[in-house]
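Note: hydrogens, waters and symmetry copies are ignored here, and every other heavy atom, side chains too, is used.
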Amino acid sequence: MLPASRRLPLIAGLLSAVAVAAVPSAASAAQRYASPAGGGIGCTPEKPCSLKSAIGVAQLDDEVILNPGKYPLTETVEDPARITIRGVAGQPRPRLLFSGASQQGLRLMNGSLLRDVEIDQAEAADTLTTSGARVDRVVLKGSASTSCAIFLKDALVRDSVVVSGMNPICASPDGPTNTSSLRNLTVIATEPGSPAINLYAAGDVTFNLTNVIAQGGPGGPTLLVASDGLGGHGTISATHSNFASVHKQGFDIQFVDGGGNQQVPPTFVNAAAGDYRQALGSVTIDSGLNEPLNGAFDVDGELRRIATTDIGAHEFVPVPMVVTGPATGVSAQAATLIGSVTANGVATSYHFEYGPTTAYGSTTPATDPGTGLGALPVTAALDGLSPGTTYHYRLVAGNKAGVTRGYDKSFTTASATSSPSGSSPAPGFAGVKLVSTRLALSGKFITLKLSCPAATVGGCSGRTRLAAKRLTLGKARFSIAAGDRARVRVRVTRAGLRRLHRVRRLHGRDVSAAHDGSGASKTSVTHVTIRRRTVTRSSS
């Protein structure tokens, strides 16, 4: 079983329109909501229906949105027209649990799109049957006695995991032609002698495999291509895929090797427990083919391409890389620690450990550096330190794959000294201050008002960054004279504009990393509220 913590991507709309974007909806297209305990009539977000009701009343180009949870199903569910059936972005996959001898799982026979769900079949019955369907970021499980989990006809299946006892993927016997594409899949047969992909040609049938991991059951072939001997023509082409063997039966059949294929089996995190993520060192990591048709996200909603696209449904998530930098602005009681974090496009947090020995003992607050692919500069300000003391510190960052600890470094605070005439010591650099926490989006820009303390040596310079949760909205540099204020225009990213245009207001934070003329630095973090500025027109 795949780990229950899997989440859907927050930006599902970024997927390649070329391959799987829905056909433009008709003016009457509607969104219909379902939940496991749904009994509503209108299928609205407030009163969701049952799954079968929501799909049953759906019309051409409607969306059926499934809230998270388990959906026990004892009857076959079939699309009435070309529709979209999907989970809720940012939430766990809904699970369709089919059981009962009279059902045949889910049938998508009208070119529908299935996305971000899990389907489990408990019986010796089909899990999914398709005709012209698109299947994206889906987990499908057949039982040990299932004879064929998915029947494909003119289908596109990508970024998905298919696990079944016998024949996880089969060609549909319907119709004279059938051309189906399989991209970035992990296909696993568990019963002895079973192939992972079984193409039986009762017509002109072609399966095109790209970046696919396929494993047959013990003693069985991985890919099986066969014909009925009555004029059927079967072809499997494989490019940058991982499989052990190809078995051919009958006449007028062929296997096309498109290059980049592997026979050495992949290394999974825990195949015995159903965790088919790639483990560190697997031959499939960075061995796939980079193409826009692969989509933007893997089955778990991580970036589809971190370095080179991986083979299989999961993109390998490396631990973050960190570099512990030097301490700056060291005074008798304060210092600023710097470093860099490479998040590899994955949600990451960092902090500094520090203390008088390499046992450290103290940490700075956990902070989100953003999810960029390159090295991101990070800082943390320390205060309340003891004068004349040596401190050790290191940068630590972690993500879902693990934790990375940087090398140990040290600095020594200045000795405590008295100021002339018994005056108080000069205060350290306090950084810039955000004058107002209520911000407004105007066009593509958000304007901040920042102030620099009057006693600052050489003024304040640096960079400010606006962020909301894990999304960086925009960045800008600033240079402000001591004792002055400045307006700083932050150009909002495209992703930030999309987020802001979906809500009336957005809570976030402003992170301003500033330094003065002496090299002392300070990072200020302020929580903000961002609204879209509305334009009112006066009537004459």
Side-chain angles (χ1 to χ4, degrees), residues 15-20 130 133-138 150 152-162 167-172 177-189 195-201 204-216 221-227 233-248 252-268 276-278 282-299 302-316:
L15 291 171
S16 168
V18 175
V20 299
T130 73
R134 293 151 296 154
V135 179
D136 194 38
R137 299 196 306 266
V138 172
I150 306 180
L152 297 183
K153 176 175 171 56
D154 299 325
L156 169 64
V157 187
R158 73 177 187 182
D159 299 319
S160 298
V161 176
V162 186
N167 304 311
I169 293 180
C170 303
S172 172
T177 62
N178 178 358
T179 300
S180 295
S181 296
L182 288 68
R183 283 184 171 270
N184 285 102
L185 304 187
T186 299
V187 186
I188 308 293
I197 297 174
N198 187 342
L199 187 159
Y200 181 76
D204 191 356
V205 183
T206 299
F207 276 4
N208 297 309
L209 279 59
T210 306
N211 302 341
V212 172
I213 293 175
Q215 285 194 346
T222 309
L223 309 179
L224 174 62
V225 54
S227 68
H233 173 68
T235 301
I236 288 183
S237 69
T239 301
H240 289 265
S241 293
N242 183 291
F243 54 91
S245 63
V246 181
H247 188 69
K248 294 184 277 188
D252 202 12
I253 55 176
Q254 61 179 327
F255 168 75
V256 179
D257 187 336
N261 295 313
Q262 303 174 334
Q263 276 69 51
V264 176
T267 306
F268 294 125
Y276 294 105
R277 291 175 297 156
Q278 301 162 99
S282 176
V283 296
T284 51
I285 296 172
D286 292 337
S287 296
L289 184 65
N290 293 328
E291 289 186 327
L293 292 177
N294 295 336
F297 302 102
D298 74 353
V299 67
E302 307 294 353
L303 286 179
R304 176 71 274 177
R305 177 182 175 184
I306 293 177
T308 300
T309 301
D310 294 348
I311 299 175
H314 301 87
E315 195 75 7
F316 175 73

Engineer: For S287, what residues pass the side chain to side chain contact (heavy atoms under 4.5 Å, CB included) criterion, not counting sequence neighbours?
Structural biologist: Q262, I311
Engineer: Below 4.5 Å, heavy atoms only, C-beta onward: do N242 and V283 meet side chain to side chain?
Structural biologist: yes
Engineer: Tell me every residue that passes side chain to side chain donor-acceptor pair (under 3.5 Å) with D154, counting only those two or more places apart in sequence or in another chain.
Structural biologist: none
Engineer: Is there side-chain contact between N208 and T206, with heavy atoms separated by less than 4.5 Å?
Structural biologist: yes
Engineer: Go through the structure and list residues passing ring pair (Phe, Tyr, Trp, His ring centres under 6.0 Å) with F243, not counting sequence neighbours.
Structural biologist: F255
Engineer: For the CD1 atom of I169 and the CG atom of L209, what is their distance to the nearest 0.5 Å?
Structural biologist: 7.5 Å
Engineer: List in chain and number order the residues that pass salt bridge (charged side-chain N to carboxylate O under 4.0 Å, His left out) with R183, two or more places apart in sequence or in another chain; answer none if no residue qualifies.
Structural biologist: E291
Engineer: For A238 and N261, which heavy atoms make the closest approach, and how far apart are they?
Structural biologist: O-ND2, 3.0 Å
Engineer: Is there a side-chain contact between L182 and L152, using heavy atoms and a 4.5 Å cut-off?
Structural biologist: yes
Engineer: Mind checking the CD1-CG spacing from I236 to L224? Nearest 0.5 Å is all I need.
Structural biologist: 7.5 Å
Engineer: Got a sec, which residues hit side chain to side chain contact (heavy atoms under 4.5 Å, CB included) with N290, two or more places apart in sequence or on another chain?
Structural biologist: R305, T308, T309
Engineer: For F268, enumerate each residue passing the ring pair (Phe, Tyr, Trp, His ring centres under 6.0 Å) test, keeping only those at least two apart in sequence or located in another chain.
Structural biologist: Y276
Engineer: Roughly how far, to the nearest 0.5 Å, is the NZ atom of K248 from the CD atom of Q254?
Structural biologist: 8.0 Å
Engineer: Considering residues at least two apart in sequence or located in another chain, which fulfil the side chain to side chain donor-acceptor pair (under 3.5 Å) criterion with Q215?
Structural biologist: none
Engineer: Taking C-beta and beyond as the side chain, do R134 and R158 meet within less than 4.5 Å on heavy atoms?
Structural biologist: no
Engineer: Side chain to side chain contact (heavy atoms under 4.5 Å, CB included) with T239: which residues, sequence neighbours excluded?
Structural biologist: L289
Engineer: For S227, give me all partners under side chain to side chain donor-acceptor pair (under 3.5 Å), at least two apart in sequence or on another chain.
Structural biologist: none
Engineer: Is it true that N178 and S180 share a donor-acceptor pair across their side chains at a distance under 3.5 Å?
Structural biologist: yes
Engineer: Starting at CG of D136, measure out to OG of S160 and round the result to the nearest 0.5 Å.
Structural biologist: 6.0 Å
Engineer: With sequence neighbours excluded, what pairs up with P221 under the side chain to side chain contact (heavy atoms under 4.5 Å, CB included) test?
Structural biologist: P195, S245, H247
Engineer: CG/L199 to OG1/T235 distance, rounded to the nearest 0.5 angstrom?
Structural biologist: 8.0 Å
Engineer: Checking the side chain of K153 only, and the main-chain atoms of T179 only, is there a donor and an acceptor separated by less than 3.5 Å?
Structural biologist: no
Engineer: Just checking, is any N or O donor in the side chain of H314 or D298 under 3.5 Å from an acceptor N or O on the other one?
Structural biologist: no
Engineer: Determine the sole option in N211, D310, D159 for which the side-chain hydrogen bond (donor to acceptor under 3.5 Å, both in side chains) test with R304 is passed.
Structural biologist: D159
Engineer: Which residues pass the side chain to side chain donor-acceptor pair (under 3.5 Å) test with S282, not counting sequence neighbours?
Structural biologist: T284
